[in-house]
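Here is the structure we will look at, set down as C-alpha coordinates.
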Amino acid sequence: YLEGTRKDLFAKLEAWAAESRSQPSRHSVCVLSGGAGTGKSTIASEYARRLHERGTLGASFFFVRGVGDLSSTRLFFPTIAYQLAHSQNGIRLHIIRAAREHVKHGRNQLMTYEAGNLVYRPLQAAGEQHPPVFLLVDALDECTDNAPDTVPQMLQLLTECVRDAPFPVRVIFTSRPEHLVESTLESPKCPVDVHTISLHDLSPETVQQDIAAFIRHRLARMPEAQRLIEHRPDIVDRLAQRADGLFVYARTAVDFVNTSPYHIEERVDMLLS
(Lines give C-alpha, C1' and ligand atoms only; values in the text may rest on other atoms or scores of the structure.)
Protein backbone atom coordinates (compact mmCIF):
# COMPACT_ATOMS: atom_id res chain seq x y z
CA TYR A 1 0.00 0.00 0.00
CA LEU A 2 1.25 3.47 -0.93
CA GLU A 3 0.29 6.25 1.46
CA GLY A 4 -1.98 8.84 -0.13
CA THR A 5 -3.61 6.53 -2.67
CA ARG A 6 -7.12 5.04 -2.57
CA LYS A 7 -8.50 8.08 -0.75
CA ASP A 8 -11.99 7.79 -2.31
CA LEU A 9 -12.25 4.14 -1.38
CA PHE A 10 -11.17 4.60 2.23
CA ALA A 11 -13.62 7.50 2.50
CA LYS A 12 -16.39 5.08 1.48
CA LEU A 13 -15.26 2.56 4.09
CA GLU A 14 -15.16 5.24 6.78
CA ALA A 15 -18.64 6.45 5.78
CA TRP A 16 -19.96 2.89 6.15
CA ALA A 17 -18.24 2.50 9.52
CA ALA A 18 -19.70 5.79 10.74
CA GLU A 19 -23.20 4.82 9.59
CA SER A 20 -22.96 1.42 11.27
CA ARG A 21 -21.98 3.11 14.53
CA SER A 22 -24.78 5.70 14.42
CA GLN A 23 -27.42 3.21 13.21
CA PRO A 24 -26.48 -0.17 14.74
CA SER A 25 -29.32 -2.02 13.06
CA ARG A 26 -28.24 -1.02 9.53
CA HIS A 27 -25.50 -2.35 7.30
CA SER A 28 -23.53 -4.27 9.89
CA VAL A 29 -21.77 -6.10 7.05
CA CYS A 30 -19.81 -4.46 4.23
CA VAL A 31 -18.67 -6.33 1.11
CA LEU A 32 -15.79 -4.87 -0.90
CA SER A 33 -16.15 -6.38 -4.35
CA GLY A 34 -13.72 -6.24 -7.25
CA GLY A 35 -12.06 -8.32 -9.95
CA ALA A 36 -8.73 -10.10 -9.73
CA GLY A 37 -5.75 -7.78 -9.46
CA THR A 38 -7.70 -4.70 -8.38
CA GLY A 39 -5.99 -4.54 -4.98
CA LYS A 40 -8.64 -5.90 -2.60
CA SER A 41 -6.20 -7.69 -0.31
CA THR A 42 -3.90 -4.67 -0.11
CA ILE A 43 -6.88 -2.51 0.82
CA ALA A 44 -8.03 -5.07 3.39
CA SER A 45 -4.57 -5.25 4.95
CA GLU A 46 -4.27 -1.46 5.17
CA TYR A 47 -7.76 -1.03 6.63
CA ALA A 48 -7.07 -3.78 9.16
CA ARG A 49 -3.94 -1.87 10.18
CA ARG A 50 -5.96 1.31 10.67
CA LEU A 51 -8.60 -0.49 12.72
CA HIS A 52 -5.87 -2.10 14.82
CA GLU A 53 -4.35 1.31 15.56
CA ARG A 54 -7.74 2.49 16.80
CA GLY A 55 -8.15 -0.60 18.96
CA THR A 56 -11.33 -1.69 17.15
CA LEU A 57 -9.99 -4.62 15.11
CA GLY A 58 -11.23 -7.76 16.78
CA ALA A 59 -9.92 -10.34 14.30
CA SER A 60 -9.02 -10.91 10.67
CA PHE A 61 -8.74 -13.88 8.34
CA PHE A 62 -7.13 -13.80 4.89
CA PHE A 63 -8.04 -16.73 2.65
CA VAL A 64 -5.41 -17.86 0.12
CA ARG A 65 -6.27 -20.21 -2.73
CA GLY A 66 -4.40 -23.52 -2.64
CA VAL A 67 -2.57 -22.87 0.65
CA GLY A 68 -3.59 -25.59 3.11
CA ASP A 69 -5.88 -24.34 5.85
CA LEU A 70 -5.97 -20.85 4.31
CA SER A 71 -8.13 -22.15 1.47
CA SER A 72 -10.51 -23.84 3.90
CA THR A 73 -13.00 -22.85 6.60
CA ARG A 74 -11.62 -25.57 8.90
CA LEU A 75 -9.82 -23.15 11.23
CA PHE A 76 -11.92 -20.06 10.55
CA PHE A 77 -13.96 -19.79 13.76
CA PRO A 78 -11.17 -21.03 16.08
CA THR A 79 -8.90 -18.37 14.54
CA ILE A 80 -11.49 -15.62 14.97
CA ALA A 81 -12.01 -16.68 18.59
CA TYR A 82 -8.27 -16.82 19.27
CA GLN A 83 -7.71 -13.32 17.90
CA LEU A 84 -10.75 -11.89 19.72
CA ALA A 85 -9.39 -13.29 22.98
CA HIS A 86 -6.09 -11.52 22.37
CA SER A 87 -7.48 -8.20 21.16
CA GLN A 88 -10.56 -7.67 23.34
CA ASN A 89 -10.14 -7.63 27.10
CA GLY A 90 -13.89 -7.71 27.67
CA ILE A 91 -14.29 -10.93 25.67
CA ARG A 92 -11.10 -12.80 26.60
CA LEU A 93 -12.29 -14.54 29.75
CA HIS A 94 -15.54 -15.65 28.12
CA ILE A 95 -13.63 -17.24 25.22
CA ILE A 96 -11.15 -18.96 27.55
CA ARG A 97 -13.98 -20.52 29.52
CA ALA A 98 -15.83 -21.48 26.34
CA ALA A 99 -12.70 -23.02 24.79
CA ARG A 100 -12.04 -25.17 27.86
CA GLU A 101 -15.52 -26.65 27.59
CA HIS A 102 -15.38 -26.90 23.80
CA VAL A 103 -12.17 -28.97 23.59
CA LYS A 104 -13.59 -31.55 25.99
CA HIS A 105 -15.60 -32.79 22.99
CA GLY A 106 -12.61 -32.80 20.61
CA ARG A 107 -10.37 -30.21 19.00
CA ASN A 108 -11.88 -30.65 15.53
CA GLN A 109 -15.64 -30.24 15.54
CA LEU A 110 -18.33 -29.30 13.07
CA MET A 111 -18.32 -25.62 12.10
CA THR A 112 -21.73 -25.01 13.65
CA TYR A 113 -20.39 -26.04 17.08
CA GLU A 114 -17.17 -24.05 16.66
CA ALA A 115 -19.13 -20.91 15.73
CA GLY A 116 -21.64 -21.34 18.54
CA ASN A 117 -19.26 -22.35 21.31
CA LEU A 118 -16.22 -20.21 20.50
CA VAL A 119 -17.71 -17.01 19.04
CA TYR A 120 -21.49 -16.72 19.37
CA ARG A 121 -21.83 -17.43 23.10
CA PRO A 122 -18.74 -15.48 24.21
CA LEU A 123 -20.02 -12.42 22.30
CA GLN A 124 -23.37 -12.82 24.04
CA ALA A 125 -21.66 -13.01 27.42
CA ALA A 126 -19.66 -9.82 26.83
CA GLY A 127 -22.76 -7.66 27.28
CA GLU A 128 -24.13 -4.54 25.61
CA GLN A 129 -21.60 -2.17 27.18
CA HIS A 130 -18.72 -3.61 25.17
CA PRO A 131 -17.37 -1.14 22.57
CA PRO A 132 -17.82 -1.86 18.83
CA VAL A 133 -15.61 -4.52 17.25
CA PHE A 134 -14.69 -4.99 13.59
CA LEU A 135 -13.90 -8.31 11.91
CA LEU A 136 -12.19 -8.41 8.52
CA VAL A 137 -12.38 -11.42 6.19
CA ASP A 138 -10.41 -11.15 2.96
CA ALA A 139 -10.76 -13.07 -0.31
CA LEU A 140 -13.87 -15.17 0.27
CA ASP A 141 -13.54 -16.37 -3.32
CA GLU A 142 -10.16 -17.96 -2.44
CA CYS A 143 -11.83 -20.39 -0.05
CA THR A 144 -12.00 -23.36 -2.43
CA ASP A 145 -12.18 -26.40 -0.14
CA ASN A 146 -15.73 -27.69 -0.63
CA ALA A 147 -16.76 -24.05 -1.11
CA PRO A 148 -20.38 -24.62 -2.27
CA ASP A 149 -21.17 -26.10 1.14
CA THR A 150 -18.74 -24.46 3.55
CA VAL A 151 -18.76 -20.83 2.41
CA PRO A 152 -22.55 -20.28 2.67
CA GLN A 153 -22.57 -22.04 6.05
CA MET A 154 -19.68 -19.93 7.34
CA LEU A 155 -21.35 -16.72 6.16
CA GLN A 156 -24.66 -17.71 7.73
CA LEU A 157 -23.06 -18.57 11.07
CA LEU A 158 -20.93 -15.43 11.20
CA THR A 159 -23.77 -13.10 10.29
CA GLU A 160 -25.91 -14.72 13.00
CA CYS A 161 -23.14 -13.86 15.47
CA VAL A 162 -23.30 -10.27 14.23
CA ARG A 163 -27.07 -10.06 14.38
CA ASP A 164 -27.40 -11.38 17.92
CA ALA A 165 -24.39 -9.78 19.56
CA PRO A 166 -25.54 -7.39 22.31
CA PHE A 167 -22.98 -4.78 21.19
CA PRO A 168 -22.03 -3.61 17.65
CA VAL A 169 -20.01 -6.21 15.74
CA ARG A 170 -19.17 -5.18 12.18
CA VAL A 171 -17.75 -7.38 9.42
CA ILE A 172 -15.89 -6.41 6.26
CA PHE A 173 -15.65 -9.06 3.54
CA THR A 174 -13.66 -8.77 0.33
CA SER A 175 -14.33 -10.96 -2.67
CA ARG A 176 -14.38 -11.13 -6.42
CA PRO A 177 -17.91 -10.87 -7.79
CA GLU A 178 -18.83 -14.49 -7.07
CA HIS A 179 -22.35 -15.90 -7.38
CA LEU A 180 -21.81 -18.11 -4.33
CA VAL A 181 -20.95 -15.14 -2.10
CA GLU A 182 -23.46 -12.72 -3.56
CA SER A 183 -26.37 -15.16 -3.53
CA THR A 184 -25.73 -15.99 0.15
CA LEU A 185 -25.40 -12.41 1.39
CA GLU A 186 -28.25 -11.10 -0.79
CA SER A 187 -30.60 -13.92 0.15
CA PRO A 188 -33.71 -13.11 2.23
CA LYS A 189 -32.33 -15.66 4.70
CA CYS A 190 -29.29 -13.49 5.39
CA PRO A 191 -29.87 -12.22 8.95
CA VAL A 192 -28.22 -8.80 8.49
CA ASP A 193 -28.27 -5.82 6.14
CA VAL A 194 -25.34 -5.82 3.73
CA HIS A 195 -23.65 -2.76 2.26
CA THR A 196 -21.65 -3.30 -0.96
CA ILE A 197 -18.75 -1.21 -2.24
CA SER A 198 -17.68 -2.15 -5.77
CA LEU A 199 -14.21 -1.24 -6.99
CA HIS A 200 -15.67 -1.15 -10.49
CA ASP A 201 -17.79 1.86 -9.49
CA LEU A 202 -14.78 3.98 -8.60
CA SER A 203 -13.70 6.73 -10.97
CA PRO A 204 -11.33 5.22 -13.61
CA GLU A 205 -9.39 8.49 -13.65
CA THR A 206 -8.80 8.33 -9.90
CA VAL A 207 -7.72 4.69 -10.06
CA GLN A 208 -5.30 5.47 -12.90
CA GLN A 209 -3.85 8.39 -10.92
CA ASP A 210 -3.27 6.08 -7.95
CA ILE A 211 -1.59 3.48 -10.16
CA ALA A 212 0.61 6.20 -11.70
CA ALA A 213 1.60 7.35 -8.20
CA PHE A 214 2.51 3.76 -7.30
CA ILE A 215 4.59 3.28 -10.47
CA ARG A 216 6.37 6.63 -10.03
CA HIS A 217 7.15 5.83 -6.40
CA ARG A 218 8.60 2.42 -7.23
CA LEU A 219 10.61 3.60 -10.23
CA ALA A 220 12.01 6.53 -8.25
CA ARG A 221 13.83 3.99 -6.07
CA MET A 222 15.84 2.84 -9.13
CA PRO A 223 18.53 5.37 -10.18
CA GLU A 224 18.47 4.29 -13.82
CA ALA A 225 14.67 4.46 -13.93
CA GLN A 226 14.68 7.91 -12.35
CA ARG A 227 16.97 9.19 -15.09
CA LEU A 228 14.69 7.59 -17.68
CA ILE A 229 11.65 9.36 -16.21
CA GLU A 230 13.49 12.69 -16.38
CA HIS A 231 14.28 12.02 -20.05
CA ARG A 232 10.86 10.56 -20.91
CA PRO A 233 8.32 11.91 -18.39
CA ASP A 234 5.37 10.34 -20.23
CA ILE A 235 6.29 6.74 -19.47
CA VAL A 236 4.66 6.69 -16.02
CA ASP A 237 1.25 7.73 -17.34
CA ARG A 238 1.60 5.36 -20.29
CA LEU A 239 2.38 2.44 -18.00
CA ALA A 240 -0.54 3.39 -15.74
CA GLN A 241 -2.84 3.50 -18.77
CA ARG A 242 -1.57 0.08 -19.86
CA ALA A 243 -2.40 -1.29 -16.39
CA ASP A 244 -6.09 -0.58 -17.11
CA GLY A 245 -7.07 -0.37 -13.44
CA LEU A 246 -5.10 -3.43 -12.30
CA PHE A 247 -2.63 -2.77 -9.50
CA VAL A 248 -1.28 -6.30 -9.95
CA TYR A 249 -0.21 -5.39 -13.49
CA ALA A 250 1.55 -2.25 -12.25
CA ARG A 251 3.41 -4.19 -9.56
CA THR A 252 4.41 -6.95 -11.98
CA ALA A 253 5.55 -4.41 -14.58
CA VAL A 254 7.75 -2.56 -12.09
CA ASP A 255 9.22 -5.83 -10.82
CA PHE A 256 9.97 -6.82 -14.43
CA VAL A 257 11.80 -3.53 -15.03
CA ASN A 258 13.75 -3.88 -11.78
CA THR A 259 15.10 -7.33 -12.61
CA SER A 260 17.47 -5.80 -15.17
CA PRO A 261 18.49 -2.34 -13.90
CA TYR A 262 20.96 -1.74 -16.73
CA HIS A 263 18.38 -2.43 -19.42
CA ILE A 264 15.49 -0.44 -17.97
CA GLU A 265 14.65 1.52 -21.10
CA GLU A 266 14.50 -1.62 -23.22
CA ARG A 267 12.23 -3.31 -20.68
CA VAL A 268 9.93 -0.28 -20.45
CA ASP A 269 9.67 -0.21 -24.24
CA MET A 270 8.76 -3.89 -24.22
CA LEU A 271 5.92 -3.14 -21.80
CA LEU A 272 4.68 -0.22 -23.88
CA SER A 273 5.00 -1.89 -27.29
Problem set entry | Approximate separation, where rounding is to 0.5 Å, of Leu51 CG and Ser87 OG | 11.0 Å
Exercise. Would you say Leu75 and Leu70 are hydrophobically clustered, going by side-chain heavy atoms of ILVMFWY under 4.5 Å?
Worked result: no
Problem set entry | Minimum-distance pair of heavy atoms, taken over all atoms of Leu157 and Phe77 | CB-CZ, 3.8 Å
For this session: Could you tell me whether a side-chain N or O of Ser187 sits under 3.5 Å from a main-chain N or O of Thr184, the two making a donor and an acceptor?
Result: no
Exercise. Are the ring centres of Phe61 and Phe63 closer than 6.0 Å?
Worked result: yes
For this session: State plainly whether the residues Glu265 and Arg232 are in salt-bridge range, i.e. N to O under 4.0 Å.
Result: yes
Problem set entry | Heavy-atom closest pair, residues Val194 and Cys190 | CG2-SG, 4.1 Å
Problem set entry | Interatomic distance, Leu57 atom CG to Leu136 atom CG [nearest 0.5 angstrom] | 7.0 Å
For this session: Return yes if some donor-acceptor pair links the side-chain N/O of Arg170 with the main-chain N/O of Val133 below 3.5 Å, else return no.
Result: no
Exercise. With a 4.5 Å limit on heavy-atom distance, are the side chains of Phe173 and Leu185 in contact?
Worked result: yes
Exercise. Within the distance-only criterion (no hydrogens, no angle test), does the side chain of Gln83 pair as donor or acceptor with the backbone N or O of Ala59 below 3.5 angstrom?
Worked result: no
Problem set entry | Backbone of Tyr113 reached by a side-chain donor or acceptor of Asn117 within 3.5 Å | yes
Exercise. Going by heavy atoms in the side chains, are His130 and Ile91 under 4.5 Å from each other?
Worked result: yes
Exercise. For Arg92 and Leu84, what are the C-alpha separation, side-chain angles and deciding distance, and is it a side-chain contact (heavy atoms from CB on, under 4.5 Å)?
Worked result: CA-CA 7 Å; Arg92 180 177 302 125; Leu84 280 170; over 6 Å; no
Problem set entry | Any side-chain heavy-atom pair of Ser71 and Glu142 under 4.5 Å | no
For this session: Inspect the contact between Arg216 and Glu230 and indicate whether a charged nitrogen and a carboxylate oxygen are less than 4.0 angstrom apart.
Result: no
For this session: Report yes if some heavy atom in the side chain of Cys143 is under 4.5 Å from a heavy atom in the side chain of Thr73; otherwise report no.
Result: yes
For this session: Give a yes or no on whether His263 atom NE2 has more than 12 heavy-atom contacts from other residues, nucleotides or ligands under 6.0 Å away.
Result: no
Problem set entry | Other residues, nucleotides, ligands: >12 heavy atoms within 6.0 Å of Asp244 CG | no
For this session: Test the Arg50-Phe10 pair against the cation-pi criterion, namely NZ or CZ under 6.0 angstrom from the six-membered ring centroid and within 45° of the ring axis.
Result: yes
For this session: Would you name the heavy atoms of Ala240 and Ile215 that are closest together and state the gap between them?
Result: N-CD1, 3.7 Å
Exercise. Same hydrophobic cluster for Leu202 and Leu2, using side-chain heavy-atom links shorter than 4.5 Å among ILVMFWY?
Worked result: yes
Exercise. Within a strict 4.5 Å, meaning less than it, do heavy atoms of the Ser260 and Ile264 side chains meet?
Worked result: no
Exercise. Would Glu224 and Arg227 pass as an ion pair if we require N to O under 4.0 Å?
Worked result: yes
For this session: Provide the closest heavy-atom pair for Glu128 versus Phe167 in the form atom of the first, atom of the second, distance.
Result: O-CB, 4.0 Å
Problem set entry | Where Ala36 and Leu246 come nearest, the two heavy atoms and their spacing | O-CD2, 3.4 Å
Exercise. Are the side chain of Gln109 and the backbone N or O of Gly106 linked by a donor-acceptor pair below 3.5 Å?
Worked result: yes
Seminar exercise, completed: Residues Ala243 and Ile211: closest non-hydrogen pair is CB-CG2, 4.0 Å
Problem set entry | Joint cluster assignment, Val119 & Ile96, ILVMFWY side-chain distance < 4.5 Å | no
Exercise. Going through the distances and angles, do Gln226 and Arg221 end up as a side-chain contact (heavy atoms from CB on, under 4.5 Å)?
Worked result: CA-CA 7 Å; Gln226 183 60 37; Arg221 294 155 60 182; over 6 Å; no
For this session: Take Phe214 and Arg251 through the side-chain contact (heavy atoms from CB on, under 4.5 Å) test and state the conclusion after the steps.
Result: CA-CA 8 Å; Phe214 169 80; Arg251 185 184 66 195; 4.1 Å; yes
Problem set entry | Derivation of the salt bridge (Lys or Arg N to Asp or Glu O under 4.0 Å) call for Arg97 and Glu101 | CA-CA 7 Å; Arg97 290 170 176 167; Glu101 291 300 314; over 6 Å; no
Exercise. Does Arg65 pair with Asp145 as a salt bridge, N-O distance under 4.0 Å?
Worked result: no
Exercise. So, Asp210 and Lys7, do they make that salt bridge, N to O below 4.0 Å?
Worked result: no
Exercise. Should Val67 and Val151 be counted in the same cluster of Ile, Leu, Val, Met, Phe, Trp and Tyr side chains packed under 4.5 Å apart?
Worked result: yes
Exercise. Sub-3.5 Å donor-acceptor pair from the side chain of Arg267 to the main-chain atoms of Val257, do we have one?
Worked result: no
Exercise. Looking only at side chains, do Glu160 and Gln156 share a donor and an acceptor under 3.5 Å apart?
Worked result: yes
Exercise. Hey, does Met270 have a side-chain heavy atom less than 4.5 Å from the side chain of Phe256?
Worked result: yes
Exercise. Between the side chains of Asp164 and Tyr120, is a donor N or O closer than 3.5 angstrom to an acceptor N or O?
Worked result: yes
For this session: Please check if the side chain of Ser45 supplies one atom and the backbone of Thr42 the other of a donor-acceptor pair under 3.5 Å.
Result: no
Problem set entry | salt bridge (Lys or Arg N to Asp or Glu O under 4.0 Å) evaluation trace for Glu14 with Arg6 | CA-CA 12 Å; Glu14 294 295 353; Arg6 298 294 205 177; over 6 Å; no
Exercise. Quick one: are Phe62 and Val137 in side-chain contact, heavy atoms under 4.5 Å?
Worked result: no
Exercise. So, does Asp138 use its side chain to make a donor-acceptor pair with the main chain of Thr174 at under 3.5 Å?
Worked result: no
Seminar exercise, completed: d(Met111 CE, Arg74 CZ) to nearest 0.5 Å is 12.5 Å
For this session: Could you tell me whether a side-chain N or O of Arg121 sits under 3.5 Å from a main-chain N or O of Ala98, the two making a donor and an acceptor?
Result: no
Problem set entry | Pairwise distance CG(Leu140) to OG(Ser33) - rounded to 0.5 angstrom | 10.5 Å
Exercise. If you measure from OH on Tyr82 to CD1 on Ile95, what distance do you get to the nearest 0.5 Å?
Worked result: 11.5 Å
Problem set entry | Audit row: Gln241, Gln208, side-chain contact (heavy atoms from CB on, under 4.5 Å) steps and yes/no | CA-CA 7 Å; Gln241 186 175 17; Gln208 185 168 323; 3.9 Å; yes
Exercise. What distance separates Leu32 CG from Leu199 CG, expressed to the nearest 0.5 Å?
Worked result: 4.5 Å
Exercise. Taking the side chain as C-beta and beyond, is there a heavy-atom pair between Ile197 and Cys30 under 4.5 Å?
Worked result: yes
